[in-house]
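Naming convention: chains lettered A, B, ... in sequence-line order (proteins, then strands); numbering from 1 in each chain. Computation of the quantities below employed the complete heavy-atom set of this structure, encompassing side-chain atoms and omitting hydrogens, waters and symmetry-equivalent molecules.
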2 protein chains.
Amino acid sequence: MANIKDIARHAGVSVATVSRALSNPAIVRPKTIEKIEAAIAELNYERNHLAAGLRRQRSDNVIVAVPSIYNPFTSAFVQGIENVARANNMRVLLGITEGDVSTLNSYISMIAGKQADGMILLENNLPDVVRNPPTTGTIPPIVAACEYPPELDLPRVTIDNVEAGALVVSHLRELGHTRIACITGPMAQQMSKDRSAGYKLGLMRARIEFDPALVEEGEFSLQSGYDAMIRLLDSGVKFTAVACASDETALGVMSALQHRGISVPGDVSVAGFDDLRFGAFASPPLTTIHVPTAEIGETAMRLMLDRLLQQDQTAREVTLPHRLIVRESTAAPRS
Amino acid sequence: MANIKDIARHAGVSVATVSRALSNPAIVRPKTIEKIEAAIAELNYERNHLAAGLRRQRSDNVIVAVPSIYNPFTSAFVQGIENVARANNMRVLLGITEGDVSTLNSYISMIAGKQADGMILLENNLPDVVRNPPTTGTIPPIVAACEYPPELDLPRVTIDNVEAGALVVSHLRELGHTRIACITGPMAQQMSKDRSAGYKLGLMRARIEFDPALVEEGEFSLQSGYDAMIRLLDSGVKFTAVACASDETALGVMSALQHRGISVPGDVSVAGFDDLRFGAFASPPLTTIHVPTAEIGETAMRLMLDRLLQQDQTAREVTLPHRLIVRESTAAPRS
DNA sequence: TTGTAGGCGTTATCAC
DNA sequence: GTGATAACGCCTACAA
């Protein structure tokens, strides 16, 4: 494999000039550039990223930490990150944690090891460096793309999960529902807490009293939505609508209802959250909150670039807009 | 940031010993290791991967090329790769191509640039190096995880899409169907060709004559499945079952049928392909072919490791088993 | 078992 | 504008 020295020799210039031609062509004479380009083409030269990185102390990689990539929500988010990264000559390193904090910590140490320049988090866990920042030394570039305990001030990008949750309830209330159940996400996660808080806020605004019997905890998954609905039905409590913490949950809920011969939205209205494309093609098509997943990823990556390139240390927080999408899974209750 | 020299000084040994303790502890005295570990802990040392990589001429990254990661099929596959990579101290670099060959080629050149050690392909496109191998020089480590023109002999891992396609038809035939429609994937892709070939093979075995009017081309997506079914219905052709090239297609098809008031499986049976988890929770739950997506990814990564570590140059081909999963979207036709 | 020293390929700092 | 050269931090013969 040809290296920069070979190119220099071949083009009759110094290595320094070749390096400049590569990274800052503006400051080298066009004729020289031509010679160099010819040599590069002829010798099939490719710049060694490892050597350049060693010298510059940058890897041009961002590591993206997610518990799993096997769900459309996460993967849309990652795709958004990749788009912006690619456009800025950076690469995305996949860091799947499976919810394990020590795995997450090991990914963080890759930053000190120069395998990555920073980390974007879409995680319920937090790396130790964030919780207990080292007294000495600096904390590595981290951008959060999800809900976090408000006391931590990472640069972050989210949507207003509380307002969005309330919006769902207000929609159901307008249709005439007053017995509105809720299937939450795992309450250990901040996002679930926020969406549930939105549910309660919505009830309050609608002057409906909160009834704990109407709430079941799920895990954002199809199966957990299914199971939670079965529990709710078996408990005998009465309701005419269900607000779900995610579209997957809602799809599982609808499946359970249909298995029990309960019609949606005839007997029970169902609303989701996330706007997965599978929701639009469910039967009936799912009413949901649209979350700009890919844009969240794109914005997170831009925040990372800011942090990396300009020493823009101000912890910025971006809140992206959500919106209600009304489809056929919600309707007025039977009178 | 402390480097290996600092550790050596601190532990009272040479850098060579530290390096050995790090990469091959077996050949250094336990007591020495202790001292070194103490120094590492105290100085908070993290080995510089860039420098190590430069020296070893390896990045420990694999680049995974996919057209998009925004679908459960691809993402399960990537997750499988990441699992095995992580267990072997390698990292996954995401290479999203959006179907663009020049993007794919640019990812390939990252291998020469030492940003990645090899590439795993889940793509309908092929990089130029594969089509026209350079007369001089070697072709980079590539493993294919999808269907390819048979004349190319890359290491690859797949399932038998032809037999799987035939299996669906045989299932429908056993239920009593003879008018079986087919929504294919984009016929430019080898995988679509194979699954369609399976459909025809199945018909042949069942002694059903092939009728081109029963075939519509889709794109593996929900919307394309929906559209294809609408076209089929509007064409007026009669059928009692549909074999779809993917679960997404099938879900789109079911949505179209239900919008037209056609009951599944009462009036028309629908079968998918891939076994996405959304299929199991559809209404009715989708009959499909289970594809071991994550295992395909895992196997592909193992093949890559073989190629990278041992100079195992024999182009191996692995075919993983598929199986039919019968759920409620297929049933005997109305007599 | 451990130490010495050269080199991996690039970029950045000086000179000119 | 261009050239010479010293790092960047590590690994691995080779020597001891």
Donor on one side chain, acceptor on other, N71(A) and T74(A), under 3.5 Å = yes
Of L309(A), D117(A), V62(A), which is the lone residue that meets side chain to side chain contact (heavy atoms under 4.5 Å, CB included) with M304(A)?
-> V62(A)
Tell me whether the OP1 or OP2 atom of dA7(D) has a side-chain N or O from Q57(A) closer than 4.0 Å.
-> no
Quick one: do the S106(A) and S109(A) side chains pair a donor with an acceptor below 3.5 Å?
-> no
M90(B) versus L308(B): any side-chain heavy-atom pair under 4.5 Å?
-> yes
Tell me which of R29(B) and L54(A) sits closer to the 5' end of DNA chain C, going by the nucleotide each one is nearest to.
-> R29(B)
Would you say a side-chain N or O of S14(B) is under 4.0 Å from OP1 or OP2 of dG3(C)?
-> yes
Nucleotide dT1(C), atom P - distance to CD1 of I33(B) in whole Å = 10 Å
Between dC11(D) (P) and K5(B) (NZ): distance, integer Å | 14 Å
So, E34(B) and R29(B), do they make that salt bridge, N to O below 4.0 Å?
-> no
At what angle, to 10 degrees, do the two end axes of the helix from dT1(C)-dA16(D) to dC16(C)-dG1(D) meet, given five pairs define each axis?
-> 30°
Taking atom types as modelled, is there a side-chain donor on E123(B) or T97(B) under 3.5 Å from an acceptor on the other?
-> yes
Looking at N3(A), does any N or O in its side chain come under 4.0 Å of the phosphate oxygens OP1/OP2 on dG9(C)?
-> yes
Gap between atoms OH and P, on Y45(A) and dT10(C) respectively (whole Å) = 3 Å
Starting at OG1 of T158(B), measure out to CE of M191(B) and round the result to the nearest 0.5 Å.
-> 11.0 Å
Using atom CG of D6(A) as one end and atom P of dG9(C) as the other, report the distance to the nearest whole Å.
-> 9 Å
Out of curiosity, T319(B) OG1 to I159(B) CD1, how far, rounded to the nearest 0.5 Å?
-> 9.5 Å
Can you tell me how far P of dG9(C) sits from CZ of R58(A), to the nearest Å?
-> 22 Å
How long is the line joining CG of L22(A) and C1' of dT10(C), in whole Å?
-> 10 Å
Can you find a side chain N or O atom of T32(A) that sits less than 4.0 Å from OP1 or OP2 on dT2(D)?
-> yes
At a cut-off of 3.5 Å, list every protein nitrogen or oxygen paired with a nitrogen or oxygen from nucleotides 12-16 of chain C, distance to 0.1 Å.
unit_1, atom_1, unit_2, atom_2, d
dA12(C), O4', R55(A), NH2, 3.3

Take the protein atom CG of L50(A) and the nucleotide atom C1' of dC8(D), then report the distance between them rounded to whole Å.
-> 12 Å
Does the side chain of Q190(B) pick up a donor-acceptor pair with the side chain of D194(B) at under 3.5 Å?
-> yes
Provide, to the nearest angstrom, the distance between the CD1 atom belonging to I7(A) and the C1' atom belonging to dG9(C).
-> 12 Å
